[in-house]
4 protein chains.
Amino acid sequence: MDHGVKRSRLSRAESQAATRERLLAAARAAVVRQGFAGASVRDIAEAAGFSQGAFYSNFESKEDLLLALLAQHMDEEADRLGAVIDIAERQGQDVMLGLDAWAEELNSDVDWSMLGLELQLHANRSANFAESYRTVRAKHRQRLGDLVARFFAALGLAPPAPPHQLASAFMAMAHGLALERDHDAEAPAGRLILTFLKGLIASAGPQSHQDTTA
Amino acid sequence: MDHGVKRSRLSRAESQAATRERLLAAARAAVVRQGFAGASVRDIAEAAGFSQGAFYSNFESKEDLLLALLAQHMDEEADRLGAVIDIAERQGQDVMLGLDAWAEELNSDVDWSMLGLELQLHANRSANFAESYRTVRAKHRQRLGDLVARFFAALGLAPPAPPHQLASAFMAMAHGLALERDHDAEAPAGRLILTFLKGLIASAGPQSHQDTTA
Amino acid sequence: MDHGVKRSRLSRAESQAATRERLLAAARAAVVRQGFAGASVRDIAEAAGFSQGAFYSNFESKEDLLLALLAQHMDEEADRLGAVIDIAERQGQDVMLGLDAWAEELNSDVDWSMLGLELQLHANRSANFAESYRTVRAKHRQRLGDLVARFFAALGLAPPAPPHQLASAFMAMAHGLALERDHDAEAPAGRLILTFLKGLIASAGPQSHQDTTA
Amino acid sequence: MDHGVKRSRLSRAESQAATRERLLAAARAAVVRQGFAGASVRDIAEAAGFSQGAFYSNFESKEDLLLALLAQHMDEEADRLGAVIDIAERQGQDVMLGLDAWAEELNSDVDWSMLGLELQLHANRSANFAESYRTVRAKHRQRLGDLVARFFAALGLAPPAPPHQLASAFMAMAHGLALERDHDAEAPAGRLILTFLKGLIASAGPQSHQDTTA
DNA sequence: TATGAATGAGTATTCATTCAT
DNA sequence: AATGAATGAATACTCATTCAT
């Protein structure tokens, strides 16, 4: 009897998770295309193939959705960084290779940058959202800052500015460059970022004694 | 100049220009605070002390207003750059000083960055707006690119990437860093930008023969 | 020339007042029929022949409309009372006749009672509305109380309870009885009220020395 | 009585009845607080500690719930009256004492009056509900009318109007007065009602021969 | 019996825009 | 040129109700 028939393909929990995933994907596309204010709950729900009510069964409000998108976005950003860090850990100076890959990926993902900016703009407008944004953002910057610090340490150099500030600057550059959609074949954001990184290396003095992290 | 009675202190044209100016100022504040989509024509008009009708006597549509803001914004950006260029022209290597001033100003003007991003985002969404945006933007980048080129030339160095691309990268960094409002005393965007610039200089090779502009 | 042509039948102000009047009338009917919660802004606007937007050009919110209805309702209630008071003033003891007329009118106006109750219920639910309601209600009760006082005074009798309390009781009875719609020809609310009034008279003691009002 | 295992403390029927009771109590509070239209099924179910589905396992529809509340409400009203009648039956003229107690209870029970009015208003709006309401209401009025009749009979007096009409008037007064929440220490609804009753007695003529009920 | 995700119709309110004044 | 009442479409969100689990 195998304790009863398997009643349906998806359990309830699975099915709900799937609904939520589809809503999130549709929302992400909509926010990128029309901005948070311009993306309507109706459009998002319809694009996902659900009613508006389904949206509100899965998210408390439109802003709650943005928080979910924020979490997702930061997870992805963390994954990207994780890959770079892995390489850095394994191959000494060849971090450059990892950075190259990361930079290349940035090029191709305008949407990802648009979403990042949309989140940041909203954080500057909604006190409520700002709180969540800040914590997640800080963690992320710290992580990238650590990477930068280790990178300079590996080269035996002292970073020319606090690593987490350098991290912020790199992220700003990456986001901003991605926005310039009109890059008719040009605008190799990744390359450009590497150029700046090499510059920092060239101008860095020898490492001070112990401290390597910010 | 005195054909007829002088009806009022301000001629008709002057008075209309004043109305327009007040509307633009109110609009700018509103767009920064709430985004373009979030700023309502009613709010803008009321903040300027006029009716909604007055708005439509001065602008064809809400998007037309954004075009006016774009023009204004680019004028200001040009002015800022102009000052830097003037210094560069006069004092050879001491452009650094001008850049310093420019960078310092960036620190204090979050609103200006917010508006710049809002314009850029809208350009990525409205084909109509994008066209206007692109031309004005291209001119601006060209100008900053020229400055960068001349800067490296003055130092007898070859820029490590096409100057207008470096210009884009610097603008992206400036805008993005300004957005991080939570800079509790830290986040000296201007300084950071200079650090990167010095890096580029340090990594630059000797000047190639002729070409200096992109 | 009669200073120019009369451009239109209704001046702007007149036309707006007319719009408001029509909206109020439609709202009144809707609130009576379906209750305040049940009456939708859309239905009200459509019944009045306008768009929903027109509603919001004339009222700040749905509750603001109810305040307008409250004012209107209380004006009418005051008018009814005014008529009774006039008679009372003119004809000594024959106030009874005026009361009779008033009572008779109550019979025929279920809607008026329904609206009164709807207002009272909403006052018990919205703190905001309650404030306005209370003042207008107090004034009204005072007025009816004065009438009751003068009535007993005219008969040389002492009211068996504070006049404004008696007033409240009469109003409660009038409203409540009107609600029993199923009065198949029976339920002569007015008559019944007079019966109670006569009872009070019969049980009243002789007037005390000076004071006649509450 | 012991066919099979005793599965749980409460039998199925008992447990269901308990669920229903909790739903009814929550519904009653919600309807009083926000009106029938304003009370949502979700809120009611949640307040009772159940899901919305549980609601629909116990009631056919939202209106069906109101019918259940009606029945409950009328039962209570009957109980109150029953107490008065008991006293009247036992102690001849001292019904007054019972009435006094009844009147006092009215004072303290605004909720009960709010619910009563909500039911009555809904009866005036839903034909379906009206039918049920009318029968239950008629029975109730009859009962109170009988009491009034017996009361006058006990005093050897003729009621100055058909007893069931007097009953309606008293109920209207009781409900309406209870609504005036702002009774800052004043508004002794019960007392006031007794004043009116005494008035009726004072104005009543001697009993006619037989008939005592309406 | 009880759950709660999902529905589809509904809610109040806001919007950019028009146009008679 | 400026007013602001009115429009019609859109907005975020709520509702009573259903139904697979």
Side-chain angles (χ1 to χ4, degrees), chain A residues 7-8 10-13 15-20 37-45 49-63 65, chain B residues 12-13 15-16 18-20 37-46 49-63 65, chain C residues 7-8 10-13 15-20 23 37-45 49-63 65, chain D residues 12-13 15-16 19-20 37-46 49-63 65:
Chain A
R7 292 301 179 84
S8 66
L10 266 46
S11 82
R12 262 232 255 189
S15 137
Q16 192 189 351
T19 302
R20 194 183 158 94
S40 79
V41 171
R42 173 175 320 189
D43 287 351
I44 292 170
F50 292 99
S51 65
Q52 297 185 62
F55 180 97
Y56 285 95
S57 288
N58 282 277
F59 302 98
E60 275 192 0
S61 65
K62 204 187 165 191
E63 191 163 64
L65 158 81
Chain B
R12 259 209 234 169
S15 143
Q16 193 184 352
T19 301
R20 193 184 158 90
S40 79
V41 169
R42 175 171 312 188
D43 286 352
I44 292 170
E46 265 173 21
F50 291 99
S51 66
Q52 300 179 70
F55 181 96
Y56 283 93
S57 292
N58 283 275
F59 302 98
E60 272 191 5
S61 68
K62 204 186 165 193
E63 191 163 64
L65 159 82
Chain C
R7 293 301 180 83
S8 68
L10 266 47
S11 81
R12 262 230 255 189
S15 136
Q16 191 190 353
T19 302
R20 194 184 158 92
L23 284 168
S40 78
V41 170
R42 173 176 318 190
D43 288 350
I44 292 170
F50 291 100
S51 66
Q52 298 185 65
F55 180 96
Y56 284 93
S57 288
N58 282 276
F59 303 99
E60 273 192 359
S61 66
K62 205 187 164 192
E63 191 163 65
L65 159 82
Chain D
R12 260 208 233 171
S15 142
Q16 192 184 353
T19 302
R20 193 184 158 92
S40 77
V41 169
R42 174 171 314 189
D43 286 351
I44 292 170
E46 265 172 22
F50 291 100
S51 65
Q52 301 180 69
F55 180 96
Y56 284 93
S57 292
N58 283 275
F59 303 97
E60 273 191 2
S61 66
K62 204 186 166 194
E63 191 161 64
L65 158 82

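Chain letters run A, B, ... following the sequence lines, proteins first and then strands; every chain starts at 1.
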> Does the structure show a Watson-Crick or G-U wobble partner for E:dA20, both distances under 3.5 Å? Name it, or say none.
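E:dA20 is paired, partner F:dT3.
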
> Looking only at heavy atoms, what is the nearest atom pair of C:Gln16 and C:Ser57, with distance?
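Minimum heavy-atom contact is NE2-O, 4.2 Å.
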
> With rounding to the nearest 0.5 Å, note down the distance linking CZ in D:Phe50 to OG1 in D:Thr19.
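Going from the CZ atom of D:Phe50 to the OG1 atom of D:Thr19 covers 3.5 Å.
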
> Looking only at heavy atoms, what is the nearest atom pair of C:Gln52 and C:Val41, with distance?
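Looking at all heavy atoms of both residues, the shortest contact is OE1-CG1, 4.4 Å.
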
> Please figure out whether A:Gly38 or D:Tyr56 has its closest DNA chain F nucleotide nearer the 5' end.
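Between the two, 5'-proximity favours A:Gly38.
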
> For a quick check of understanding: with a heavy-atom distance under 4.0 Å over all strands, which category does C:Ala39 fall into, base, sugar-phosphate or nothing?
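It contacts sugar-phosphate atoms only.
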
> For the pair A:Phe55 and A:Arg42, evaluate side-chain contact (heavy atoms from CB on, under 4.5 Å) and give the outcome as yes or no after the intermediate values.
CA-CA 9 Å; A:Phe55 180 97; A:Arg42 173 175 320 189; over 6 Å; no

> Considering heavy-atom distances to DNA chain E, does B:Asp43 or C:Val41 have its closest nucleotide positioned more toward the 5' end?
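Nearest nucleotide further toward 5': that of C:Val41.
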
> In whole angstrom, what separates D:Lys62's NZ from F:dT14's C1'?
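To the nearest whole Å, that distance equals 11 Å.
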
> By the 4.0 Å heavy-atom rule, please label D:Ala45 as base, sugar-phosphate, or nothing.
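The answer is nothing, as D:Ala45 stays clear of every strand by at least 4.0 Å.
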
> Closest approach of D:Ala37 and D:Lys62, non-hydrogen atoms and distance?
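Taking D:Ala37 first and D:Lys62 second, the nearest heavy atoms are O-NZ, 3.6 Å.
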
> What is the separation between atom CD on B:Glu63 and atom C1' on E:dT17, rounded to the nearest whole Å?
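Nearest whole value for this atom pair: 15 Å.
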
> Nearest whole angstrom, please: distance from the P of F:dA16 to the CD of D:Glu46.
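One finds 12 Å between P of F:dA16 and CD of D:Glu46, rounded.
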
> Heavy atoms only: give me the nearest D:Ala39-D:Ile44 pair and the separation to one decimal.
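It is CB-CD1, 4.2 Å.
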
> Specify the separation, in whole Å, of atom CG of D:Leu65 and atom C1' of F:dT17.
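After rounding, the gap between these two atoms is 14 Å.
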
> What does nucleotides 5-10 of chain F look like as a protein-contact string, B for base, S for sugar-phosphate only, - for none, at under 4.0 angstrom between heavy atoms?
SBBB--

